[in-house]
Amino acid sequence: MVPKTMKALRLVKYGEPYEIQEIPVPSIKENDLLLKVGAASFCHTDYQVYEGVYESPLPMTPSHEPVGTVIGVGPKAVKNGWKEGQRVGMLNFRHACGSCVGCRVARDPRQPDQPDTRFCDNKDMAGISADGGFAEYVVADADCSVSLPERIDFAQAAPLMCAGATVWGGIDEAGVKPGLPIGVIGIGGLGVLALQFAAGLGHPTVAIDNREEGRQLASELPEHLRPKTIVDSNSPNATHEVVKAAGDGGLAAVIVCTDSVAATEWSLKLLRTRGVCVPLGLPVDGFKFSAFDLIFKQLSVKGSLVANQKLVEDMMKLVAENGVRSHVTTMSLEEGINLPDRYMDPKLKGRLVVTL
């Protein structure tokens with residue numbers, strides 16, 4: 001039986017520690033799932049919410065990376081095969097309106113008659129514009145949820161729902177053929193997954209980071225997923241090292257997993273002719289690129305939001321088959337009060353995950 005109230009971590013005032021509060025268990029709509037949260041992780045976007053970048057409504061429950069067990073199913077979701085007891089991960093976006101320009105233009109690739117919720121002008125976003133996953137229960141949109149393979153535990157699954165979905169979507173958007181080299185700049189929660197995904201898809205990879213912690217993460221990956229080369233971006237010879245390791249004039253694609261404007265601009269120098277840069281950071285002041293790098297090598301810079309439901313299902317198969325892992329630090333809900341401060345520790349490795 002579902003209780004009437006639950007414990008949740010709440011952002012009450014921008015820039016101040018979270019609070020533990022007792023709040024009502026949310027109700028679900030006809031195409032929703034109610035999840036008993038097993039784990040939820042902290043993302044850079046959560047830190048931006050904490051800072052007030054998105055002017056999120058407060059008080060609010062953060063985290064858009066929750067996973068858990070279905071304990072309630074809306075009538076439409078039941079018809080589509082969802083049931084209680086399933087282990088599920090939920091993506092950030094929920095409740096497409098179906099009528100805005102975004103919904104009319106962007107369609108779900110598996111169901112062309114359905115909108116792609118990512119681009120709805122009126123969607124709600126877990127942990128950004130509405131309550132998210134740092135709670136005992138959370139509402140998931142069935143159209144933006146995926147079943148979790150049994151071999152992936154909740155603490156490992158949580159980072160996949162945003163960090164994983166973001167880099168998987170970025171690699172897909174880059175569109176380079178297997179066998180061509182991909183570089184990853186920034187080996188943290190996103191980058192360590194990007195390296196493993198690219199390797200699992202058949203790409204030789206180059207790991208690039210200015211932190212010893214990031215380079216160490218890359219070196220500790222299983223041999224079949226380990227990068228071909230690891231480069232310290234602080235090195236005066238970093239550009240040469242990356243281009244030499246890639247061969248044929250440079251990388252076919254670079255996935256930039258940092259919001260550093262300087263690092264993103266530099267990434268173009270690592271690409272071969274007609275290479276592709278996919279920047280995944282969200283610097284508030286925007287990007288800057290060299291016109292000469294961009295034009296003389298006819299490079300592409302491609303935006304990539306996050307993978308949709310179909311792509312994430314494909315991602316989960318690769319994760320299960322290849323043993324992809326995140327470096328996670330777990331904690332209880334009560335221990336998560338100072339999560340933003342812990343996230344900003346320059347020595348942090350991987351992802352911070354609240355387990356329930």
Side-chain angles (χ1 to χ4, degrees), residues 5-29 32 34-35 37 39-68 89-97 100 102-103 117-141 143-145 158-159 161-163 165-166 169 189-190 258-259 280-286 303-306 331 333-344 351-354 356:
T5 62
M6 64 179 183
K7 288 192 299 183
L9 273 179
R10 304 280 278 173
L11 176 61
V12 177
K13 187 175 181 179
Y14 299 134
E16 294 194 357
Y18 295 154
E19 295 182 11
I20 293 281
Q21 294 184 350
E22 192 84 12
I23 62 173
V25 172
S27 58
I28 60 175
K29 300 178 181 179
D32 284 342
L34 182 63
L35 304 187
V37 176
S41 51
F42 189 91
C43 174
H44 185 70
T45 301
D46 290 309
Y47 190 81
Q48 291 182 313
V49 170
Y50 166 79
E51 292 181 303
V53 170
Y54 302 103
E55 299 181 349
S56 303
L58 301 182
M60 190 183 68
T61 304
S63 183
H64 52 276
E65 297 183 330
V67 295
M90 61 172 273
L91 295 168
N92 178 4
F93 308 125
R94 301 181 294 202
H95 307 136
C97 71
C100 69
C103 284
T117 307
R118 295 176 296 172
F119 304 105
C120 174
D121 296 334
N122 302 304
K123 61 186 176 289
D124 71 71
M125 295 179 285
I128 299 172
S129 65
D131 284 342
F134 285 150
E136 293 179 295
Y137 301 91
V138 68
V139 172
D141 184 333
D143 288 339
C144 303
S145 299
M161 303 318 300
C162 178
T166 297
L190 276 75
T258 170
D259 63 356
L280 298 177
L282 293 171
V284 174
D285 294 330
S304 178
L305 182 55
V306 67
M331 67 200 70
L333 202 64
E334 290 76 10
E335 291 171 323
I337 289 174
N338 294 313
L339 263 170
D341 287 341
R342 297 181 68 168
Y343 173 77
M344 292 304 291
R351 216 66 166 170
L352 298 170
V353 179
V354 171
L356 293 93

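Numbering of residues begins at 1 and proceeds along the displayed sequence. Computed from a prediction, not measured in an experiment: that's the story for all the values here.
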Inset, instruction - Heavy atoms only: give me the nearest Asp259-Pro283 pair and the separation to one decimal. - result: O-CB, 3.4 Å

Legend entry - Min side-chain heavy-atom separation Met6-Pro26 under 4.5 Å: yes

Legend entry - Side-chain donor or acceptor of Asp124 paired with backbone N/O of Ser129 under 3.5 Å: no

Inset, instruction - Measure the shortest side-chain to side-chain distance between Val354 and Val37 over non-hydrogen atoms and say whether it is less than 4.5 angstrom. - result: no

Legend entry - side-chain contact (heavy atoms from CB on, under 4.5 Å) assessment of Leu190 paired with Thr166: CA-CA 8 Å; Leu190 276 75; Thr166 297; 3.9 Å; yes

Legend entry - Least distance between heavy atoms, Cys120 atom then Ala96 atom: SG-CA, 3.7 Å

Legend entry - Salt-bridge present (Arg94, Asp32; N to O < 4.0 Å): no

Legend entry - Nearest heavy-atom neighbours spanning Leu305 and Phe119: CD2-CE2, 4.1 Å

Inset, instruction - Over all heavy atoms of both residues, which pair between Leu58 and Tyr14 is shortest? Give the atoms and the distance, please. - result: CD1-CE2, 3.5 Å

Inset, instruction - Sequence neighbours left out, what passes ring pair (Phe, Tyr, Trp, His ring centres under 6.0 Å) with Phe42? Give chain and number order. - result: Tyr343

Legend entry - Heavy-atom side-chain proximity of Glu65 to Arg351 below 4.5 angstrom: yes

Legend entry - Exam field: side chain Ser56 to backbone Ile128, donor-acceptor pair closer than 3.5 Å: yes

Legend entry - Flag side-chain contact, heavy atom, 4.5 Å: Asp131 against Arg10: yes

Legend entry - Beyond-backbone contact of Lys7 with Glu136, side-chain heavy atoms, under 4.5 angstrom: yes

Legend entry - Reported CG-to-OH distance for the pair Leu339 and Tyr50, which is rounded to 0.5 angstrom: 10.5 Å

Inset, instruction - Look at the aromatic rings of Tyr47 and His44 and report parallel, tilted or perpendicular, splitting at 30° and 60°. - result: parallel

Inset, instruction - Could you pull out the closest heavy-atom pair between Leu9 and Ile20, with the gap in Å? - result: CD2-CD1, 3.7 Å

Legend entry - Pairwise side-chain contact, His64 with Cys43, heavy-atom cut-off 4.5 Å (strictly under): yes

Inset, instruction - Show the numbers, then the answer: is there a side-chain contact (heavy atoms from CB on, under 4.5 Å) between Met90 and Met161? - result: CA-CA 6 Å; Met90 61 172 273; Met161 303 318 300; 5.6 Å; no

Inset, instruction - Report, as yes or no, whether the 6.0 Å neighbourhood of atom CD on Glu334 holds more than 12 heavy atoms from other residues, nucleotides or ligands. - result: yes

Inset, instruction - Drop me the distance from Leu11's CG to Phe134's CZ, to the nearest 0.5 angstrom. - result: 11.0 Å

Legend entry - Any side-chain heavy-atom pair of Asp141 and Phe93 under 4.5 Å: no

Legend entry - Distance (rounded to the nearest 0.5 Å) between Asn122 CG and Cys103 SG: 7.5 Å

Legend entry - Spacing of CG belonging to Asn92 relative to SG belonging to Cys144, to within rounding of 0.5 Å: 9.0 Å

Inset, instruction - Begin with the C-alpha distance, continue with both residues' side-chain angles, and end with the deciding distance and a verdict on side-chain contact (heavy atoms from CB on, under 4.5 Å) for Val284 and Gln48. - result: CA-CA 9 Å; Val284 174; Gln48 291 182 313; 4.3 Å; yes

Inset, instruction - May I ask you to test the Tyr18-Val12 pair for a side-chain heavy-atom distance under 4.5 Å? - result: no

Inset, instruction - To the nearest 0.5 Å, tell me how far Ser63 OG sits from Leu352 CG. - result: 11.0 Å

Legend entry - Straight-line distance of Glu22 CD to Thr5 OG1, nearest 0.5 Å: 3.5 Å

Inset, instruction - Considering non-hydrogen atoms only, spot the tightest contact between Thr61 and Ala8 and give its length. - result: OG1-CB, 3.9 Å

